[in-house]
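Notes to accompany the following structure.
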Amino acid sequence: MKAIIPAAGLGTRFLPATKGVPKELLPLLSKPVIQHVVEEALDVEGVDAAIIVNSHEKPMLEAYFSPAPKLEGFLEEHGKGALAEKVREAGELPVAFVYQDEPLGLGHAVLQAASEVGEEPFFVLLGDYVVPAHGMSPAMAAVSAAHGGASVICVAPVDPSTTGRWGIVAGDLVEGADPDAPGAVLKLSGLVEKPAPEVAPTHLAIVGRYLLSPRVMGLLADQGTGAGGEIQLTDALVRLLAEEEMFALVVDGRDGLDTGTPATWAAANARMALHDEGSLEAFFEELGDDAQLIP
Ligand code: UTP
């Protein structure tokens, strides 16, 4: 099975930093955001490769996942074998690249990997959204297996006034007692991209992790533009729902870290540092008196 990681967007919410560095290469502690995502994908049983959808404007992404023998040699010679190993690991991950010529939207990005996934179900993990620890994919795979291999997307409750920023789903509870509680499963009855709060059917938002039927690729091939003038994955999923059952797995929104804006990226780094034994002490030391600002 393949995992598609779209990473070809312009990252406009993070300009001017993204003029120089793709947002997916910004660090979360010592590793780039996208390496966390790739490792999460490869951790899932049955996933043998990550397919990154890249842009020709972002060659640093492919360079990062390539071997760096000169740097490794330098580190070895200077007694820094452990660091050389980390550099080697990043260059040896089973990552392949496909290219999106223009950032026409998430659906269009996913479509660029169609020939890589063939007729198999596939995961989509957004390249700027990290789920530390266990990831969401194993639980998604379990829900899919329990429902005949159906597509599964992860959703989390969001503030109802913010539905216009998200893909929103509606459905009937088939597992659990509370649709807002992590672990609940809904059989989907509808999806809508970025609805205004007045018309949003729920406040359950898609959070960047999908396990999809290969059939969606055929739908994406002729999907027109939707919200924001972009070819939206959500719109193709609406059409998929007319053909196949689909399910949503409710997760705790705090399990995932969005890194797409300066504020969310800074918060993601702080949360990683708070949960990383190796960084915790130095993090608080550096913060000094400002540490008291952390509630
Ligand atoms: P985002 O909408 O968060 O990324 O897409 P963006 O468009 O780069 O960000 P802004 O809004 O301009 O700040 C989520 C993921 O999907 C990828 C992005 O690179 C990001 O990792 N993406 C988005 C694509 O690969 N292609 C696209 O056309 C759009």
Side-chain angles (χ1 to χ4, degrees), residues 2-28 31-41 50-62 64-65 95-114 116-117 122-131 136 153-156 158 162-168 193-194 205-210 212 216-217 220-221 223-237 253 256-268:
K2 305 287 184 256
I4 302 177
I5 304 180
L10 291 174
T12 55
R13 288 168 298 156
F14 223 130
L15 284 167
T18 42
K19 176 173 181 281
V21 188
K23 68 174 169 178
E24 295 83 1
L25 281 184
L26 293 171
L28 267 193
K31 281 184 204 170
V33 167
I34 196 163
Q35 187 174 351
H36 291 279
V37 181
V38 167
E39 289 177 354
E40 179 194 338
I51 315 294
I52 295 179
V53 184
N54 196 14
S55 150
H56 295 293
E57 309 298 320
K58 296 160 84 167
M60 286 158 85
L61 267 170
E62 193 158 347
Y64 180 78
F65 288 105
V95 173
F97 283 82
V98 295
Y99 282 82
Q100 185 186 25
D101 289 337
E102 275 185 90
L104 298 180
L106 181 60
H108 184 257
V110 169
L111 177 63
Q112 307 315 304
E116 303 288 326
V117 303
F122 59 92
F123 284 97
V124 176
L125 299 91
L126 296 194
D128 63 350
Y129 183 80
V130 172
V131 184
M136 296 170 180
I153 55 188
C154 281
V155 300
V158 295
T162 66
T163 54
R165 286 197 241 144
W166 305 86
I168 298 290
E193 187 63 31
K194 300 187 172 56
I206 303 173
V207 295
R209 293 292 182 271
Y210 308 73
L212 298 178
V216 74
M217 289 297 190
L220 282 170
Q223 182 62 50
T225 53
E230 296 193 340
I231 297 174
Q232 298 285 358
L233 180 58
T234 306
D235 293 341
L237 296 180
L257 306 174
D258 175 29
T259 65
T261 72
T264 60
W265 172 77

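We count ligands from 1, going down the list as the structure has it; atoms in each ligand are counted the same way.
Taking a 4.0 Å cut-off on heavy atoms, G105 registers as neighbouring ligand 1. Using a 4.0 angstrom heavy-atom cutoff, E24 counts as in contact with ligand 1. The shortest heavy-atom distance from K23 to ligand 1 is under 4.0 Å.
Looking at ligand 1, you won't find any N or O of F14 less than 3.5 Å from one of its N or O atoms. Backbone and side-chain nitrogen or oxygen atoms of P6 are examined, and one is located within less than 3.5 angstrom of a nitrogen or oxygen of ligand 1.
Across every non-hydrogen atom of P103 and A8, the tightest pair is CB-O, 4.0 Å. In plain terms, the two heavy atoms of E116 and K2 that are nearest each other are O-CG, 3.7 Å.
Side-chain atoms of T18 come within 3.5 Å of backbone atoms of G11 as a donor-acceptor pair (strictly under, hydrogens ignored). Judged by distance alone, with hydrogens and angles left aside, the side-chain atoms of K58 form no donor-acceptor pair with the main-chain N or O of E24 at under 3.5 Å.
With sequence neighbours left out, Q223 forms a side chain to side chain donor-acceptor pair (under 3.5 Å) with R239. Y129 pairs by the side chain to side chain donor-acceptor pair (under 3.5 Å) definition with nothing, not counting sequence neighbours.
The A109 neighbourhood of ligand 1 comprises atoms 24 (C), 25 (O), 26 (N), with distances under 4.0 Å to a heavy atom of that residue. Atoms of ligand 1 found under 4.0 Å from any heavy atom of G127, numbered from 1 in the order shown, are 21 (O). Short contacts between ligand 1 and L104, defined as distances under 4.0 Å to a heavy atom of the residue, involve ligand atoms 28 (O). Residue contact check: P103 has heavy atoms under 4.0 Å from atoms 28 (O) of ligand 1.
Here the heavy atom of the protein found nearest to atom 25 (O) of ligand 1 is A8 N, 2.7 Å. At the shortest separation from atom 8 (O) of ligand 1 among protein heavy atoms lies G11 N, 2.8 Å. Of the protein's non-hydrogen atoms, T12 OG1, 2.6 Å is the one closest to atom 12 (O) of ligand 1. Distance from atom 22 (N) of ligand 1 to its nearest protein heavy atom, with residue and atom name: G9 N, 3.6 Å.
The closest heavy-atom contact to atom 3 (O) of ligand 1, among the options Q112, Q100, R13, comes from R13.
Ring orientation note: the planes of W265 and F14 are nearly perpendicular, at an angle over 60° on the 30°/60° scale.
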Between K194 and E230, does the salt bridge (Lys or Arg N to Asp or Glu O under 4.0 Å) criterion hold? Intermediate values first, please. CA-CA 12 Å; K194 300 187 172 56; E230 296 193 340; 5.8 Å; no

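Residue K23 forms a side-chain hydrogen bond (donor to acceptor under 3.5 Å, both in side chains) with just one option from D128, T259, T12, T261, and that option is D128.
In this structure, atom 5 (O) of ligand 1 has no protein heavy-atom contact shorter than 4.0 Å.
In E62, the CD atom is crowded: over 12 heavy atoms of neighbouring residues, nucleotides or ligands sit closer than 6.0 Å.
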